[in-house]
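In what follows, every chain begins at residue 1, and chains take the letters A, B, ... in the order their sequences are listed. Here the structure is a predicted model, which is why all the values come from computation and not from measurement.
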There are 2 protein chains.
Amino acid sequence: MISQTSEYALRAVVCLAQNPDKPHTTAEIAKWTKVPEHYLSKVLLALAKHEVVISKKGLHGGYVLAHDPEDLPLLNVINAVDPIKHIKSCPLKLKTHGTHLCRLHQRLNESIDMMEDLFRTSTVALILNEPTQSIPLCESTTR
Amino acid sequence: MISQTSEYALRAVVCLAQNPDKPHTTAEIAKWTKVPEHYLSKVLLALAKHEVVISKKGLHGGYVLAHDPEDLPLLNVINAVDPIKHIKSCPLKLKTHGTHLCRLHQRLNESIDMMEDLFRTSTVALILNEPTQSIPLCESTTR
DNA sequence: AGATAAAAAGATATATTTATCTTTTGTATA
DNA sequence: TATACAAAAGATAAATATATCTTTTTATCT
């Protein structure tokens with residue numbers, strides 16, 4: 001439902017949000033989030049390109065969040081690495097349908113819209129602060 | 001968001017629902033739904049295995065729906081070919097999380113649940129009967 | 001300036017999904 | 001019962017997503 005790549009991106013972002021003190025290297029984040037290190041480096045690159053995170057090269061460099069967790073919807077993270085695609089025109093290319101979607105694709109689109117809305121209204125901060133029994137993906141961190 | 005395979009399955013089922021008069025061959029359905037014929041045959045096979053459609057071999061054979069469109073949620077179609085997977089345990093295998101999902105994965109799961117609910121409450125009949133400007137994926141049929 | 005740290009970029013490999021082609025099996029009907 | 005029809009099954013191929021490895025560029029600190 002959500003791609004592996006999006007899942008990795010979300011993990012990385014939540015991890016950075018939990019450790020805002022200083023930049024963290026790909027290797028560190030990979031270790032905490034259990035994402036394959038070299039693949040994560042691509043994911044972080046995409047996140048940096050879309051200004052979800054900021055990268056700093058060189059000694060003491062690494063990645064930090066580009067925004068407050070309050071201002072960062074999960075949707076932004078997802079769209080940076082694996083954009084949610086809406087159905088805009090008939091996938092069957094029926095001439096008679098033109099720009100109108102048939103009922104089937106309207107329904108499919110509805111479900112995509114619903115999911116997108118949930119991710120748009122869920123910020124990273126919400127994830128961090130919601131009451132629950134498990135602290136998000138971080139037994140290795142100090143928290 | 002929904003796999004290509006699920007999309008194909010839904011198209012085939014809607015097509016059969018619109019043409020309930022007699023069994024239809026893979027070739028016919030492929031033509032109407034614009035799904036690659038040989039791939040569609042695998043998809044229909046899976047639908048038959050899960051009793052969404054009924055297959056008849058031999059002359060005048062083909063596929064018919066196994067249920068009234070009123071009794072056939074889109075979810076059943078989707079689950080037959082590409083089951084919706086819920087997140088049941090921590091994907092990071094954190095010992096401290098055990099059976100509890102962290103907030104991140106609770107959220108992801110919520111979105112999966114929402115989508116599943118929509119598909120569970122949407123029957124094929126609903127697709128056929130909803131008012132709209134485009135008749136579902138069928139300019140080639142008689143309707 | 002030189003050494004080192006770390007991201008960026010590029011090249012390659014593996015796995016999964018999607019698609020095609022061929023052969024076999026079962027069924028109706030002439 | 002022979003024949004044609006159509007699904008079932010199996011084998012192969014192409015495309016895409018995921019993952020790994022290597023080299024290059026850029027920044028920091030002595």
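Legend: side chain to side chain donor-acceptor pair (under 3.5 Å) pairs involving residues 38-60 of chain A, not counting sequence neighbours, sorted by first then second residue: A:T5-A:Y39.
In the 5' to 3' direction, nucleotides of DNA chain D lying under 4.0 Å from heavy atoms of chain B begin and end at D:dC5 to D:dA11.
When both pairing distances are held under 3.5 Å, C:dT14 makes a Watson-Crick or G-U pair with D:dA17.
If you take NZ of B:K22 and C1' of C:dA28, they are 16 Å apart, rounded to a whole angstrom. Straight-line distance from the CG atom of B:D82 to the P atom of C:dT17: 8 Å, rounded to whole Å. C:dT27 atom P lies 14 Å from atom CD1 of B:I54, rounded to whole Å.
Note on A:S41: every side-chain N or O is 4.0 Å or more away from OP1 and OP2 of C:dA7. Phosphate contact (OP1/OP2 of C:dA8, side-chain N/O of A:Y63, threshold under 4.0 Å): present.
Nearest-nucleotide positions on DNA chain D for A:K56 and A:L40 put A:L40 closer to the 5' end. In terms of position along DNA chain C, the nucleotide closest to A:L59 lies nearer the 5' end than the nucleotide closest to the other residue of the pair A:L45 and A:L59. Nearest-nucleotide positions on DNA chain C for A:K49 and A:H60 put A:H60 closer to the 5' end.
For the residue pair A:D113 / A:H86, a side-chain donor-acceptor distance below 3.5 Å is found, with atom types taken as modelled.
For the side-chain contact (heavy atoms from CB on, under 4.5 Å) criterion with B:V43, the lone passing option out of B:V81, B:L10, B:T26 is B:V81.
B:D117 pairs by the salt bridge (Lys or Arg N to Asp or Glu O under 4.0 Å) definition with B:R120, not counting sequence neighbours.
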**OP:** Walk me through it: do A:K31 and A:E28 pass the test salt bridge (Lys or Arg N to Asp or Glu O under 4.0 Å)?
**Re:** CA-CA 5 Å; A:K31 195 177 158 207; A:E28 282 178 306; over 6 Å; no
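Contact of the A:L128 side chain with the A:V14 side chain is registered, since non-hydrogen atoms from C-beta on lie closer than 4.5 Å.
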